[in-house]
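Presented below is the structure to which this report refers.
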Amino acid sequence: MTLAIDSERLQSEIEALASISDAEPPAVTRIVFTPTDLQARAWLKERFEAAGLAVRQDAIGNTFARWNGSDPKAPVVGTGSHIDAIPNAGKYDGVVGVLGGLEAIRALQRDGFRPKNSIELLLLTSEEPTRFGIGCIGSRLLSGSLSPDSARKLKDADGKSVDEVRLQAGLRGELEEVKLPPGYYKAFVELHIEQGPILEREKIPLGIVTKIAAPASARISIEGAGGHAGGVLMPDRRDALCAASELILAVENAARTSGSIDTVATVGICDVFPGAVNSIPSRVRLSLDVRDTDLARRDAVMDGIERASQEISDKRHVSVQTEMLNADVPADCDPGIVQALSRSCEKHRLSFRPMISRAYHDSLFISRVAPVAMLFIPCRNGYSHRPDEYASPEDIVRGALVLAETLASLSA
Ligand code: GLV
Ligand code: MN
Ligand code: MN
């Protein structure tokens, strides 16, 4: 095989997709089931069909673009990722896995490869938690990690349910039909930017993921007492934002003192009510995101945060309520796929290193029903979830090439 990735076309597609956005360039914002997301999906569907792939969508909008193999009964080899983007994000998160996956398939087609197992490119719905508070809705449903009933209870900030917005988006069928039958995938490989600094720092072009960290997230609601910023004396205050501030520092401290660099914790949302300069904050809503490669350590950090909440609540006479949104377990990547990826790198004389994914990905959930592995490419300064996220065309080509080679070896 003399596989060749069409870098120019891939770059122009990445730019074209980035222009379907609700943010000023270079930022990208593409929230699930907004008109912008639907426009991006329609644009992609055309591209999938132009590549001769048979496209179907399930009831949550996971999109499967299939290159039929010579053995239709053989389990499918999957690849793909997501195209939704958090507010003020970049061009590459998720997109490299979808458009890089498409180009990998086209490169195999150009090369005259005939797959035995069908190869399927997946576009997964709502990997980002922006709209419904929980990430990976598509892959959770696909793998049975989220029940249809729990999915139906999810609401966005305007009180719209998942069912309401998916039906408005023209998706038909029942959420019960989304779960894949057992044994559907022989293997699933996701190409993604690293979203961390290691590959760039070590000047290694490719990372093969062996483990995906375990994320947990929660909404925390703090209720104190409001009042006049001039009239209420300091000893009499039950300021919800002061309590929240202590709690945010306790979150940071819990992660910093876990004993491992693999523990990370973030409060990314802080909504203050009523939000007036001369009014004491009576209510604060925080988001909490804690991750670790070690489940017991992640849970110990969550317990530490819960104890801190209790102490702050007692000391400041405020109520602190924690609503857990998800507490997922880490995933081990499949040694067979890891080996297939390593061989593909070796075949193309590309150096690589094993890695841990500290970010979560759809592969974390697909791993519940299929063997998975991930391939990382470097991104500048490790930046992600920000407008200056960047992966070089050369790195993207290397990722797509190794992905193509691996898909071929898994489906031969
Ligand atoms: C996914 O985008 C994550 O937050 O890890
Ligand atoms: Mn992301
Ligand atoms: Mn991503």
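Note that these values count all heavy atoms, side chains included, but never hydrogens, waters or copies made by symmetry. Order of listing sets the numbers, starting from 1, for every ligand and every atom in it. A quick note: this is a predicted structure, and the numbers were derived from the prediction, not measured.
Looking only at atom types and distance, the side chain of His82 has no donor-acceptor partner in the side chain of Asp362 under 3.5 Å away.
The main-chain N or O of Gly61 is found under 3.5 Å from a side-chain atom of Thr125 such that the two form a donor-acceptor pair.
Ranking protein heavy atoms by distance to atom 2 (O) of ligand 1, first place goes to Glu128 OE1, 3.0 Å. In terms of protein heavy atoms, atom 4 (O) of ligand 1 is closest to Arg291 NH2, 2.8 Å.
Among the atoms of His361, no N, O or S atom falls under 2.8 Å of the Mn ion (ligand 3). At a cut-off of 2.8 Å, His385 is counted among the residues with an N, O or S atom near the Mn ion (ligand 2).
Of all the N, O or S atoms in Glu128, the one closest to the Mn ion (ligand 2) is OE2. As for Asp93, its N/O/S atom nearest the Mn ion (ligand 2) is the one called OD2.
Close approach of ligand 1 to His385 is summarised as follows: ligand atoms under 4.0 Å from at least one heavy atom of the residue are 2 (O), 4 (O). Of all atoms in ligand 1, numbered sequentially from 1 with element shown, those under 4.0 Å from a heavy atom of Ala359 are 5 (O).
Across all their heavy atoms, Lys211 and Cys333 have their closest contact at N-SG, 4.1 Å. When every heavy atom of Tyr390 is checked against every heavy atom of Pro393, the shortest pair comes out as OH-CD, 3.4 Å.
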Quiz item: Would Glu103 and Arg106 satisfy salt bridge (Lys or Arg N to Asp or Glu O under 4.0 Å), going step by step from the backbone distance to the final call?
Solution: CA-CA 5 Å; Glu103 180 51 28; Arg106 289 188 303 222; 2.9 Å; yes
Quiz item: What do the steps show when you test Arg291 against Asp262 for salt bridge (Lys or Arg N to Asp or Glu O under 4.0 Å), and what is the final call?
Solution: CA-CA 8 Å; Arg291 308 174 188 210; Asp262 287 336; over 6 Å; no
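Residue Tyr360 has at least one N or O atom closer than 3.5 Å to an N or O atom of ligand 1.
Heavy-atom separations between His361 and ligand 1 are all 4.0 Å or longer. The closest approach between a heavy atom of Glu127 and any atom of ligand 1 is below 4.0 Å.
Remark: Lys186 NZ is packed, more than 12 non-hydrogen atoms of other residues, nucleotides or ligands lying under 6.0 Å away. Surrounding CG of Leu167 are more than 12 heavy atoms belonging to other residues, nucleotides or ligands, all under 6.0 Å away.
Rounding to 10°, one obtains 120° for the angle at the Mn ion (ligand 3) between NE2 (His192) and NE2 (His82).
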